[in-house]
Amino acid sequence: MTKIAFIGLGIMGSPMSVHLARAGHEVRGFNRTPDKVQPLVDAGGRAATSIADAVEGADVVALMLPDSPDVREVLAGEAGVFAHARPGALIIDFSSIRPDVTVELAEQAKQAQLRLLDAPVSGGQAGARAAELSIMVGGAEKDFAEAKPLLDVVGKTVVHVGPTGSGQTVKAANQLMVAGHIELLAEAIVFLEAYGVDTAAALTVLAGGLAGSKVLEQKRENMLTRSFDPGFRIALHHKDMGIVSDAAREAGVIIPVGALVAQLMASAKALGDGDLDHSALLKGVERLSGRS
Ligand code: NAP
């Protein structure tokens, strides 16, 4: 049994913390908006009143927060983890943030006698609920080995991909691919509908061929029924397109299709769709064709 502090109990963090509690670990959860801690409490966890309360005596501190500034604030802020965690504790950051910020925070963690793994995830809300996430982990090999039994509780494909920041780099590539897949699926759906094809039947046959994908499996229903409750918010995917665009530029790598999809994601946010699921890229395709 491991004493775990879990900070950030949103769409992803909540089911992940619940799985850890159900697996028999002692989980203390903290969320800025307190009522989101209830599912964890129902699963046998405890509601913490502050970050300090959550991390007191914890062996592992898990984070699942939206963006780099949030992780920086929760870790390095005055009332944050670095100031209150016990020396030697292992921080597992499941959030998707900038790789360079991860490297900087891992260095600060070291100075506070703490260790940090970047462990962003893929698989969406469905993957978090089913404990079937893909987890791409950056950091020291021995820290990964220590974290692996916990990561296996929430994930199905758990891979150490290199030193600190590598997990975030792999996640950036993941987000580039997912955004492109969703945009092309959306374009195919609008195209099929324009011809009056039975779109559900069409997607069934496409799913069985080379065009089949997890994106198609997981997002087809949302798109066919125009149900865009998140899931994964456009605002977060916009953040991730910024991360991959900056990182590619830094490395001198040209990603023309990625750049276009990043613009379309930005447009969706600018037009007020930021809190919808990323499958709502479909709305943008419809707008472009005068079909909204
Ligand atoms: P979410 O539902 O918005 O949850 C984020 C949580 O962080 C909320 O509980 C929020 O608290 C808390 N929070 C936000 N800013 C904070 C701050 N400055 N200080 C303390 N707490 C703060 O987001 P999510 O969908 O779970 O995503 C979390 C991370 O996972 C993101 O990096 C995202 O890119 C990544 N991710 C998401 C998915 C997905 O399908 N959703 C899939 C893979 C990866 P409040 O309740 O008070 O707002």
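We use all heavy atoms of the structure for the numbers below, so side chains are in, but hydrogens, waters and symmetry mates are not. Counting starts at 1 for both ligands and their atoms, in listed order. Residues take their numbers from the sequence shown, with the count starting at 1.
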List the closest protein heavy-atom neighbour of [atom]: residue, atom name, distance to the nearest 0.1 Å.
{"atom": "atom 2 (O) of ligand 1", "answer": "I11 N, 2.9 Å"}
{"atom": "atom 32 (O) of ligand 1", "answer": "P66 O, 2.9 Å"}
{"atom": "atom 29 (C) of ligand 1", "answer": "L65 O, 3.4 Å"}
{"atom": "atom 46 (O) of ligand 1", "answer": "K36 NZ, 2.7 Å"}
{"atom": "atom 6 (C) of ligand 1", "answer": "M64 O, 3.8 Å"}
{"atom": "atom 4 (O) of ligand 1", "answer": "G10 CA, 3.4 Å"}
{"atom": "atom 17 (C) of ligand 1", "answer": "R32 NH1, 3.6 Å"}
{"atom": "atom 45 (P) of ligand 1", "answer": "T33 OG1, 3.3 Å"}

Taking only heavy atoms of [X] into account, list the atoms of ligand 1 that are under 4.0 Å away from them.
{"X": "R233", "value": "3 (O)"}
{"X": "L9", "value": "9 (O)"}
{"X": "Q125", "value": "40 (O)"}
{"X": "K171", "value": "43 (C), 44 (C)"}

Between [X] and ligand 1, does any nitrogen or oxygen pair lie at a separation below 3.5 Å?
{"X": "K239", "result": "yes"}
{"X": "D70", "result": "yes"}
{"X": "G13", "result": "no"}
{"X": "M12", "result": "yes"}

Tell me whether [X] is salt-bridged to [Y], with the criterion being a basic N under 4.0 Å from an acidic carboxylate O.
{"X": "D67", "Y": "R72", "answer": "no"}
{"X": "E193", "Y": "R291", "answer": "no"}
{"X": "D118", "Y": "K171", "answer": "no"}
{"X": "E56", "Y": "R86", "answer": "no"}
{"X": "R226", "Y": "E286", "answer": "yes"}
{"X": "D59", "Y": "K3", "answer": "no"}

Considering only heavy atoms, does [X] approach ligand 1 within less than 4.0 Å through its side chain, its backbone, both, or neither?
{"X": "E73", "answer": "side chain"}
{"X": "V74", "answer": "side chain"}
{"X": "L236", "answer": "side chain"}

Next item on the list: Give a yes-or-no answer on whether the side chains of N222 and S227 include a donor-acceptor pair shorter than 3.5 Å.
Entry: no
Check: Quick one: do the S279 and R220 side chains pair a donor with an acceptor below 3.5 Å?
Finding: no
Just to be sure I'm reading this right: ignoring hydrogens, which of [options] gets closest to [atom]? Compare them by their nearest heavy atoms.
{"atom": "atom 35 (C) of ligand 1", "options": "S96, S122, G231, A126", "value": "S96"}
{"atom": "atom 11 (O) of ligand 1", "options": "D275, N31, D35", "value": "N31"}
{"atom": "atom 43 (C) of ligand 1", "options": "L63, V121, V37", "value": "V121"}

Notebook entry, point to check: Can you check whether L276's main-chain N or O pairs, donor with acceptor, with D273's side chain at less than 3.5 Å?
Noted result: no
Notebook entry, point to check: Backbone N or O of S267 within a donor-acceptor pair of the H238 side chain at under 3.5 Å?
Noted result: no
Next item on the list: Give the C-alpha distance, both sets of side-chain angles, the deciding distance and a yes or no for side chain to side chain donor-acceptor pair (under 3.5 Å) between S96 and D240.
Entry: CA-CA 7 Å; S96 307; D240 291 336; 4.6 Å; no
Notebook entry, point to check: Where does the angle between the aromatic ring planes of H237 and F232 fall among parallel (under 30°), tilted (30 to 60°) and perpendicular (over 60°)?
Noted result: perpendicular
Notebook entry, point to check: So, for L236 and P66, which heavy atoms are closest and what is the spacing to 0.1 Å?
Noted result: CD2-CB, 3.8 Å
